[in-house]
J.: 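Below you'll find the structure I mean.
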Amino acid sequence: MSEAADEIFATLRQSGQSGAPLYLQLRRSIEDAVRRGLIGPGDALPSERDIATKAEISRVTVRKAVQDLVKGGILVQRHGSGTFVAPRMERVEQSLSRLTSFTEDMARRGMAVRSQWLDRGLYAPSPDEMMVLGLAASELVARVARLRIADDTPLAIERASLSARVLPDPAGIGSSLYAALEATGNRPVRAVQRISAANLGEGDARLLDVAPGAAGLRIERISYLASGKVIEFTRSVYRGDAYDFVAELRLGITADETGRGA
Ligand code: 16G
């Protein structure tokens with residue numbers, strides 16, 4: 001990194017006459033170095049103090065440039081270990097017309113999936129859970145909350161709620177909720193999803209390894225059995241920089257328009 005660092009600061013000194021604010025010049029120099037591959041994903045940036053000394057600018061200026069680059073997703077900061085060039089993110093494209101599980105989606109792309117448990121247990125249901133899952137206040141709800149990780153990149157936080165009658169042992173689901181539901185004949189066949197934009201709060205951002213306030217997608221999924229009964233109510237947060245949801249649209253020809261209407 002040191003040669004690359006020298007190059008960044010050399011560029012900065014050359015552009016010193018450009019008149020643009022110094023933090024902007026530093027930001028551009030670092031962006032340029034990343035674009036030209038002088039520093040690559042995962043490379044550590046020198047400390048604020050080193051950059052300030054070499055580039056002959058104040059640490060406040062360095063901090064401002066670095067913070068801008070963190071917000072823009074070019075750099076990532078890890079508490080206690082420093083600032084790094086952000087890993088290159090392959091965006092995941094997810095069809096909105098197929099009801100698949102996270103494990104199946106990632107396996108199809110050849111990605112290794114793992115989950116970090118955030119919660120699993122039986123609880124008294126919240127009003128939302130009672131309404132969506134049709135539970136009585138005296139019944140229990142099974143909650144399964146996981147950080148979903150593909151190829152070592154945290155992609156989503158999923159918090160699923162199901163009736164305890166369907167999932168009496170949430171700790172026993174193994175690595176796939178849908179596989180566990182399939183084993184008991186309870187795999188959903190249809191789902192309705194609401195996707196909305198969200199800026200990630202500090203807790204979710206930390207889990208997803210992005211800066212607080214970064215763009216995310218909030219997704220609510222309500223899934224149904226063939227009988228029409230609601231089986232799953234899942235509230236998730238996906239990383240906005242990693243996920244594209246893709247919908248196929250067709251020209252809507254109604255029965256009336258085809259002349260075959262009832
Ligand atoms: C998907 C679903 C989620 C479901 C999970 C099961 C979305 C937004 N969410 O991620 O509702 O609980 O799959 O995955 O698509 P699993 O079988 O790998 O546990």
Side-chain angles (χ1 to χ4, degrees), residues 92 94-108 111-196 198 200-209 216-239 242-243 245:
V92 172
Q94 162 79 59
S95 162
L96 279 174
S97 53
R98 293 176 53 195
L99 181 57
T100 46
S101 74
F102 188 87
T103 307
E104 290 163 344
D105 288 337
M106 297 307 138
R108 212 160 11 93
M111 294 168 100
V113 189
R114 69 196 164 82
S115 297
Q116 182 186 317
W117 286 103
L118 304 174
D119 189 9
R120 49 184 160 175
L122 298 177
Y123 297 90
S126 69
D128 276 359
E129 289 168 330
M130 284 168 62
M131 280 195 287
V132 174
L133 296 169
L135 298 175
S138 55
E139 289 182 282
L140 291 178
V141 67
R143 290 192 192 139
V144 169
R146 296 168 291 173
L147 175 66
R148 316 294 313 252
I149 304 163
D151 278 356
D152 288 333
T153 303
L155 285 185
I157 300 166
E158 293 189 334
R159 298 186 169 91
S161 304
L162 299 94
S163 160
R165 270 183 280 145
V166 174
L167 196 67
D169 176 20
I173 66 160
S175 57
S176 165
L177 174 62
Y178 279 13
L181 292 176
E182 181 140 31
T184 57
N186 284 313
R187 178 159 178 154
V189 297
R190 185 172 77 84
V192 177
Q193 231 168 243
R194 181 205 300 269
I195 303 178
S196 41
L200 300 176
E202 229 165 85
D204 286 352
R206 194 173 323 113
L207 286 169
L208 291 171
D209 202 14
L217 297 164
R218 202 172 289 291
I219 304 178
E220 261 184 31
R221 179 185 281 199
I222 300 178
S223 313
Y224 300 84
L225 295 178
S227 65
K229 186 175 176 285
V230 173
I231 189 81
E232 172 203 17
F233 175 36
T234 296
R235 284 162 286 193
S236 311
V237 187
Y238 278 65
R239 272 173 67 155
Y243 246 85
F245 283 89

J.: Start with the C-alpha gap between Asp128 and Phe233, add the side-chain angles, then the distance that decides, and say whether side-chain contact (heavy atoms from CB on, under 4.5 Å) holds.
T.: CA-CA 9 Å; Asp128 276 359; Phe233 175 36; 4.2 Å; yes

J.: As an exercise, state the distance from CG of Asp152 to CG of Asp209, rounded to the nearest 0.5 Å.
T.: 11.0 Å

J.: Taking side chain as C-beta onward, heavy atoms only, is Val92 less than 4.5 Å from Tyr238?
T.: no

J.: Does Arg235 pair with Asp204 as a salt bridge, N-O distance under 4.0 Å?
T.: no

J.: May I ask you to test the Val192-Tyr224 pair for a side-chain heavy-atom distance under 4.5 Å?
T.: yes

J.: Determine whether a donor-acceptor pair (N or O, by modelled atom type, separation under 3.5 Å) exists between the side chain of Arg221 and the backbone of Glu232.
T.: no

J.: Is there side-chain contact between Glu129 and Arg143, with at least one heavy-atom pair below 4.5 Å?
T.: yes

J.: Could you tell me whether the side chain of Leu177 reaches within less than 4.5 Å of the side chain of Glu158, counting heavy atoms only?
T.: no

J.: Just wondering, are more than 12 heavy atoms of other shown residues or ligands nearer than 6.0 Å to CZ in Arg98?
T.: no

J.: Could you walk me through whether Thr184 and Asn186 satisfy the side-chain hydrogen bond (donor to acceptor under 3.5 Å, both in side chains) test, starting with their C-alpha distance in whole Å, then the side-chain angles of each, then the deciding distance to 0.1 Å, before giving a yes or no?
T.: CA-CA 5 Å; Thr184 57; Asn186 284 313; 3.2 Å; yes

J.: May I ask you to check whether over 12 heavy atoms, not counting those of Arg218, lie within 6.0 Å of atom CZ?
T.: no

J.: Just so I know, are the side chains of Thr153 and Met111 near enough to count as touching, which here means a heavy-atom distance under 4.5 Å?
T.: no

J.: Quick one: does Leu207's side chain get under 4.5 Å of Val237's, heavy atoms only?
T.: no

J.: Measure the shortest side-chain to side-chain distance between Glu220 and Val132 over non-hydrogen atoms and say whether it is less than 4.5 angstrom.
T.: no

J.: Taking Asp151 for its side chain and Ala112 for its backbone only, find out whether a donor-acceptor pair lies under 3.5 Å.
T.: yes

J.: How many angstroms lie between OG in Ser101 and CG in Leu181, if you round to the nearest 0.5 Å?
T.: 10.0 Å

J.: Looking only at heavy atoms, which two atoms of Val189 and Leu99 are closest? And how far apart?
T.: C-CD2, 3.4 Å

